[in-house]
Amino acid sequence: QAHLVESGGGLVQAGGSLRLSCSASGYTFSNYAMAWVRQAPGKEREFVAWISLSGGITYYADSVKGRFTISRDNAKNTMYLQMNSLKPEGGGIYYCAAGLTAYGRRRWRDFGTWGQGTPVAVSS
């Protein structure tokens, strides 16, 4: 059974950095694209970043481009999100998800496997 576990969330001051991790088990990690999605309080989930099977192709939401970096280590079955220059509006629950490459970044809502999320709070 596929399983994803996020970690690394916490409270940080605006302008600070955090590194999130997503550990995968129960399936062949390198066979699936991965994404980070966040949900701010009272809002819908929104796309943050997407990475291809090998990690060679990445996409970002405009709101995080240039500040966040998504990466993966297929040997460790782990994906990461390095978040720099964090802004207060970047807070929320961050989820990682695994899905078919054919879905691309636009069909992240159709990704079949999701973690439980890790909370990020950014103080101003």
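Quick note: residue numbers are just sequence positions, from 1.
- Looking only at side-chain heavy atoms (C-beta outward), Leu81 and Phe68 come within less than 4.5 Å of each other.
- No donor-acceptor pair closer than 3.5 Å links the side chain of Thr118 to the backbone N or O of Ser7.
- Of all non-hydrogen atoms in Cys22 and Leu4, the two that sit nearest each other are SG-CD2, 3.9 Å.
- The aromatic rings of Trp114 and Tyr95 lie perpendicular to each other, with more than 60° between the two planes, well past the 30° mark.
- Interatomic distance, Ser123 OG to Leu86 CG, rounded to the nearest 0.5 Å: 10.0 Å.
- The shortest non-hydrogen separation linking Ala33 to Phe111 is O-CE2, 4.1 Å.
- Shown here for Gly9 and Leu20, the closest heavy-atom pair between the two residues is N-CD2, 3.6 Å.
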Quick one: do Val120 and Met83 satisfy side chain to side chain contact (heavy atoms under 4.5 Å, CB included)? Show the steps, please. CA-CA 11 Å; Val120 172; Met83 305 186 295; 4.0 Å; yes
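- Arg72 places a side-chain N or O within 3.5 Å of a backbone atom of Ser52 that can act as its donor or acceptor partner.
- Put simply, the side chain of Asn74 gets close to the backbone of Leu53: a donor and an acceptor are under 3.5 Å apart.
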Starting from the C-alpha separation in whole Å, work towards a yes-or-no answer on side chain to side chain contact (heavy atoms under 4.5 Å, CB included) for Leu18 and Val12. CA-CA 8 Å; Leu18 280 175; Val12 64; 4.1 Å; yes
Mind running side chain to side chain contact (heavy atoms under 4.5 Å, CB included) on Lys87 and Arg67 for me, showing each step along the way? CA-CA 10 Å; Lys87 302 177 181 180; Arg67 299 185 296 116; 3.9 Å; yes
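- Annotation: side chain of Asn84 is in contact with side chain of Gln82 (closest heavy-atom distance under 4.5 Å).
- Of all non-hydrogen atoms in Gln116 and Val5, the two that sit nearest each other are OE1-CA, 3.8 Å.
- Pairs engaging residues 16-39 under the ring pair (Phe, Tyr, Trp, His ring centres under 6.0 Å) rule: Tyr27-Tyr32 [sequence neighbours left out].
- Of the inter-residue distances, the one linking Met34 atom CE with Thr101 atom OG1 reads 11.0 Å to the nearest 0.5 angstrom.
- Within the 4.5 Å cutoff, the side chain of Thr69 has heavy atoms near those of the Tyr60 side chain.
- Contact detail for Pro41 and Gly92: the closest heavy-atom pair is CD-CA, 4.4 Å.
- When each of Glu6, Glu44, Glu46 is tested with Arg38 by the rule salt bridge (Lys or Arg N to Asp or Glu O under 4.0 Å), just one qualifies, namely Glu46.
- In this structure, OH in Tyr80 is found 12.0 Å from SG in Cys96, a value given to the nearest 0.5 Å.
- Nearest heavy atoms, Thr78 versus Ser21: CG2-CB, 4.3 Å.
- Linking ILVMFWY side-chain heavy atoms closer than 4.5 Å, directly or via other members, places Leu11 and Tyr94 in two distinct hydrophobic clusters.
- Atoms OH and NZ, on Tyr59 and Lys65 in that order, are 10.5 Å from each other to the nearest 0.5 Å.
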Side chain to side chain contact (heavy atoms under 4.5 Å, CB included) between Met79 and Ile51: does it pass, once the steps are laid out? CA-CA 9 Å; Met79 176 180 66; Ile51 190 166; 4.0 Å; yes
